[in-house]
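Inspection log for the structure reproduced underneath, given as structure tokens.
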Amino acid sequence: MDEQTLRAGMRDALDDEPPLGLEPDRIADEARRAQRRRRATFGTGVATLAVLAGAATIPAVTGPHHREVIPAAPSVVTDVPTEGAVPPKLSQDELDQRRRMLENHAAKAVRRVAPKLDDVSLEHSGLIGIGAPRPRMPRKLNMSVGFTDSTGPTAVSVEVGTAGTFDKAPSESCDDTLTCEVVNRPDRSVLVRDAVLVGPRSAVTESVSHYRTDGTVVRVTAFTYDPATPSADEVRENPALSEEQLTGLATDPKFTLGK
Amino acid sequence: MFARDQAAALRRSAYLLCGDWHLAEDLVQNTFTKLYRAWKRVDDTTKEAYARKALMRAWLDERRRPWRRVENRSGVIPDSGSTGSDPEVAGQRARTRNLVAHALTEVPPRQRAVLVLRYWEDLPIAEVAAALRCSEGTVKSQSSRGLQSLREAIARYDPDLVGVDAEGTA
């Protein structure tokens, strides 16, 4: 096939072009809504930091005794808060025990942040190790908790990793995302909230990742579809869990493989 | 306004990439969403290039999704109604149309992207390289491999057509 034939073939391939079904105005509205959501969340994060900074400063200024002033953390961090952290040393028995505890806890935690959901249960879990087996091997437990809300069945994914399992630093997490914000917390841990377009019919995943100072990273993801039976025809307008609920899960201290 | 003006052209390119008009619309929709977010940062003179780059990224990302749509690789060319006044010419045209559309879906994604940008959008090699974030040398090699893959795919459907083309008479 030469270039001319290819060009002609491409022209012919477009002969049966159907009428355009795209509505540019609707797309702009959708993008505007997503951007508003992102700004609203960012505003909440900044307001929280401001309140916390204020709470740390006021006693120092007005209190009768001198207290150490805790400086407000910067609003955006670029470094991993867990640099130098190592995975916990776990025997097989300890690991099995931690896994069972987390599997039991996952559905309870989802019910706690979203009490109105039905049929909340652990659908599956898988523990992976990274690299050669060794006492301090980086490990990650992937769990999926299924449930049904007023729209239908869907699930939330909860990934609990030790140091060394998430290869992206918080500052690198925003590549190729629809919306993304990085917020650091007074305890020096970092939250990353992002939304990613995942293809057909504007399906979206929204995630909150909590990078903790001991190296643990907890990533919780909600979907605008049912990840168990994805269908391009059954896409929700919004994920079943809000950012606040996802944050509640990601920062749950029980989600850790450490001791 | 930009979206209205460019929607049809982008959808045609998207269709040549994916071979599915519905998915092509989704890809263009994703492209416009990304463009909306970046609108203030994009220079007026580079909006089209940015949109093209975003479409290619959307397409290549779509290929990596775990639940992306499965392409029709049955090897069967579906019948197509003839639209021309001469039944023989119309029939041949419909056959070629189906052949190229189906053969393109069998070319690896990046090679397919290079073929569409080079031979449908008629972009110079430097702009193809910019759109795909690779070197000009890579564009040349992908283009050559893409044409070879396309020939092999067409040969599976219709060896005669490849034979005629090889003699330069198509």
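In what follows, chains are A, B, ... by sequence order, proteins preceding strands, each numbered from 1.
In this structure, CG on B:Leu104 lies 5.0 Å from CE on A:Met10, to the nearest 0.5 angstrom. To the nearest 0.5 Å, the span separating CD1 on B:Ile154 from CG on A:Leu6 amounts to 8.0 Å.
Contacts of B:Tyr15 with chain A are made by side-chain atoms alone, with heavy-atom separations under 4.5 Å and no backbone atom involved. Both the backbone and the side chain of B:Trp120 come within contact range of chain A, each with at least one heavy atom under 4.5 Å from a heavy atom of that chain. With a threshold of 4.5 angstrom between heavy atoms, B:Arg12 approaches chain A through its backbone and through its side chain.
A:Glu244 CD: 12 or fewer foreign heavy atoms inside a 6.0 Å radius. More than 12 heavy atoms of other residues, nucleotides or ligands shown are found within 6.0 angstrom of NZ on B:Lys47.
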